[in-house]
Novice: 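I'd like to ask you about the structure that follows.
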Amino acid sequence: MLLPPRPLTSAFLVLMAICIPAFARENPTPNVVLIYGDDVGFGDVGAYGATLIPTPNIDKLASQGQRFTDGHCSASTCTPSRYSMLTGVQAFRNNIAILSPNAPLCIKPGTFTLASLFKAAGYQTAVIGKWHLGLGEKSRPTDWNASVSPGPLEIGFDYSFLLPSTNDRVPCVYLKNHSVVGLEQSDPLFVTHSPKAPAGFEGTIYPDGKKTPEAMTYYPSTHGHNNTVINGIGRIGYQWGGKSALWNDETMADVFVEEARSYIEAHKGSPFFLYFASQDIHVPRAPHPRFQGKTPLGKRGDAMVQLDWVVGEIMNSLEKAGIAENTIVIFSSDNGPVYDDGYADGTTVKGSSKEIDNGHDGSGIHRGGKYQIYEGGTRVPFIIRWPGRISSGTSPALVNQIDFLASFADLLGQTLPRGSGTDSRNTLAAFLGKDPIGLPDMIEESHESLALRRGHWKYIPASASKASALYNLESDPSEQSNISGEFPDVVASMDSQLENLKKHPRLADK
Ligand code: CA
């Protein structure tokens with residue numbers, strides 16, 4: 001005779017409830033797709049006020065999830081923001097700046113990253129798109145003809161398909177896991193910092209944009225970006241050989257979308273984390289011809305339309321795989337907008353301010369953009385969609401990508417190893433739309449300086465060329481009135497807090 005199952009004791013149930021976080025109990029393993037735009041400003045998306053760039057797919061994402069109006073990347077340039085988002089550590093602590101071509105991996109192998117976190121929780125992990133965190137070791141130049149390592153696979157990713165640096169830098173090839181895609185043995189690839197060819201490879205030269213500017217047929221450079229000319233576009237750094245493996249700039253979005261489609265289809269049955277880092281709308285902007293002319297804003301606006309198409313295609317892939325409901329989709333950017341960033345691509349009107357592009361302001365009402373310490377540098381589109389778990393709406397909470405690490409750790413019931421993610425704070429409630437305040441304070445990083453946010457206050461310390469500044473973002477969201485003289489106590493307190501945070505990571509908060 002079968003005995004009825006023994007009822008679980010109440011003590012055991014209590015223990016279960018303590019051990020498994022609430023969110024994990026509800027849904028242990030949502031897939032996570034993080035779509036990262038490049039140089040996409042707060043005002044470049046329709047849902048954030050753009051009127052001259054149609055972005056129906058990103059707008060749809062925003063209408064179905066939380067649209068954050070005070071969401072930030074950690075810095076106003078590429079490499080530092082990406083570094084901080086993956087490691088949960090402020091980039092300035094390790095002097096992380098924009099990397100040159102052939103730079104070694106700037107995240108030490110074995111570092112516990114956002115990818116390691118998902119892996120520890122049983123996920124498959126992948127990065128598709130722009131990397132710009134360096135590849136290879138410090139002690140020897142990267143050999144692109146051999147196994148290119150360490151890279152993403154050494155810091156928590158199971159699969160990678162990369163644009164190795166950025167599209168304005170060499171090498172202009174794709175890297176799949178440890179190998180350059182399509183590279184033939186008879187056509188070896190070298191990257192150098194100087195125009196001197198590696199011994200024996202003098203014949204593999206590309207046009208030098210400095211000596212032969214007429215070779216830059218796609219568009220000329222405006223500053224720099226004129227070393228190796230590939231596909232009619234000047235690049236930073238020198239590439240030799242590897243012609244068999246060259247990418248086509250105008251099909252890059254299609255290539256990445258196809259990679260994402262295949263990855264989603266192959267992994268629909270198991271939880272996965274996909275970090276999809278688009279090259280758009282970073283320079284050189286070279287949207288596919290089918291997107292060219294879609295906006296009155298030239299290639300920058302058209303590249304944004306292409307990125308919106310990419311978002312739509314990724315959503316379609318999730319729908320087709322039947323997993324759109326059980327997937328958290330995040331859309332954000334690595335820094336604010338820039339117009340002329342090295343190429344005469346028709347974006348900047350002669351004589352106009354660099355911050356205004358034909359009546360379109362990529363940072364919306366916010367001041368500044370890429371490289372700068374003002375809000376436009378780090379306040380970016382920030383959307384999180386998770387049907388059934390995150391309600392739709394707009395959140396004013398102060399949130400930052402650097403906090404994905406600690407927040408997803410909470411969601412997944414994981415504990416960060418001691419000493420890792422030392423600047424990452426758990427803001428899961430804000431990300432889920434359940435906390436309208438978010439961070440009490442936050443560092444913003446730029447090319448030259450740091451700033452501190454505390455509620456509606458924004459403090460920028462004095463630099464060699466500028467006096468300190470204090471702005472009240474509630475009454476002055478565009479940072480026009482420096483009121484540091486009226487609030488000396490606030491200035492003193494924020495200055496002291498920033499100095500303290502510079503010296504000590506936030507580990508003590510945990
Ligand atoms: Ca960027």
Novice: Hey, are the side chains of Y371 and S446 touching, using non-hydrogen atoms and a 4.5 Å cut-off?
Specialist: no
Novice: Would you call the rings of F161 and F256 parallel, tilted or perpendicular, where under 30° means parallel and over 60° means perpendicular?
Specialist: perpendicular
Novice: Is there a side-chain contact between V173 and V181 (heavy atoms, below 4.5 Å)?
Specialist: no
Novice: So, is the end of the R454 side chain (NZ or CZ) under 6.0 Å from the ring centre of W457 and within 45° of the ring's axis?
Specialist: no
Novice: Between V338 and Q372, is any pair of side-chain heavy atoms under 4.5 Å apart?
Specialist: no
Novice: Give the minimum heavy-atom separation between A324 and R385, together with the two atoms involved.
Specialist: O-NH1, 3.3 Å
Novice: Decide if the gap between the ring center of F276 and the ring center of Y263 is smaller than 6.0 angstrom.
Specialist: no
Novice: Do you know which two heavy atoms are closest between L450 and I373, and how far apart they sit?
Specialist: C-CD1, 3.8 Å
Novice: Test K370 against every option in D334, D39, D340 by the salt bridge (charged side-chain N to carboxylate O under 4.0 Å, His left out) rule and name the one that passes.
Specialist: D39
Novice: So, do P461 and D495 sit near enough that their side-chain heavy atoms are less than 4.5 Å apart?
Specialist: yes
Novice: Any salt bridge between D254 and R261, counting N to O under 4.0 Å?
Specialist: no
Novice: Is the shortest distance from a Lys or Arg side-chain nitrogen in R453 or D70 to a carboxylate oxygen in the other one below 4.0 Å?
Specialist: yes
Novice: Going by distance alone, is a donor N or O of one side chain under 3.5 Å from an acceptor N or O of the other, for Q401 and S332?
Specialist: yes
Novice: Indicate yes or no: at least one non-hydrogen side-chain atom of N102 is less than 4.5 angstrom from one of W144.
Specialist: yes
Novice: Between R285 and D38, is there a side-chain N and carboxylate O pair less than 4.0 Å apart?
Specialist: no
Novice: So, D423 and R93, do they make that salt bridge, N to O below 4.0 Å?
Specialist: yes
Novice: Quick one: do N177 and Y159 satisfy side-chain hydrogen bond (donor to acceptor under 3.5 Å, both in side chains)? Show the steps, please.
Specialist: CA-CA 6 Å; N177 295 325; Y159 177 76; 5.8 Å; no
Novice: Answer yes if the side chains of D403 and S407 hold a donor-acceptor pair under 3.5 Å, and no otherwise.
Specialist: no
Novice: Would you mind checking if E444 and K458 are paired as a salt bridge, meaning a charged N to carboxylate O distance below 4.0 Å?
Specialist: yes
Novice: How close do T327 and P387 get, heavy atom to heavy atom, and via which atoms?
Specialist: O-CD, 4.1 Å
Novice: Tell me the closest heavy-atom pair linking F272 and H267, and the distance in Å.
Specialist: CD2-O, 3.4 Å
Novice: Would you kindly say whether T228 and R235 are connected by a side-chain donor-acceptor distance under 3.5 Å?
Specialist: no
Novice: In terms of side-chain geometry, is the basic nitrogen of D441 or R425 positioned less than 4.0 Å from the acidic oxygen of its partner?
Specialist: yes
Novice: Between Y174 and W247, what is the ring plane arrangement, given parallel below 30°, perpendicular above 60°, and tilted in between?
Specialist: tilted
Novice: Run the numbers on K119 and D158 for salt bridge (Lys or Arg N to Asp or Glu O under 4.0 Å), then give the verdict.
Specialist: CA-CA 8 Å; K119 208 167 161 165; D158 296 312; 2.9 Å; yes
Novice: Y123 and F273: aromatic ring centres closer than 6.0 Å?
Specialist: no
Novice: Find out whether M442 and L452 are in side-chain contact, i.e. whether some heavy atom of one side chain is under 4.5 Å from a heavy atom of the other.
Specialist: no
Novice: Please report the closest heavy-atom contact between H178 and S147, naming both atoms and the distance.
Specialist: CB-OG, 3.3 Å
Novice: Will you find, in the side chains of D168 and H225, an N or O donor that is under 3.5 Å from an N or O acceptor?
Specialist: yes
Novice: Under a 4.5 Å cut-off applied to non-hydrogen side-chain atoms, are T87 and L405 in contact?
Specialist: no
Novice: What I'd like to find out is whether the side chain of N335 reaches to under 4.5 Å of the side chain of T378, using heavy atoms alone.
Specialist: no
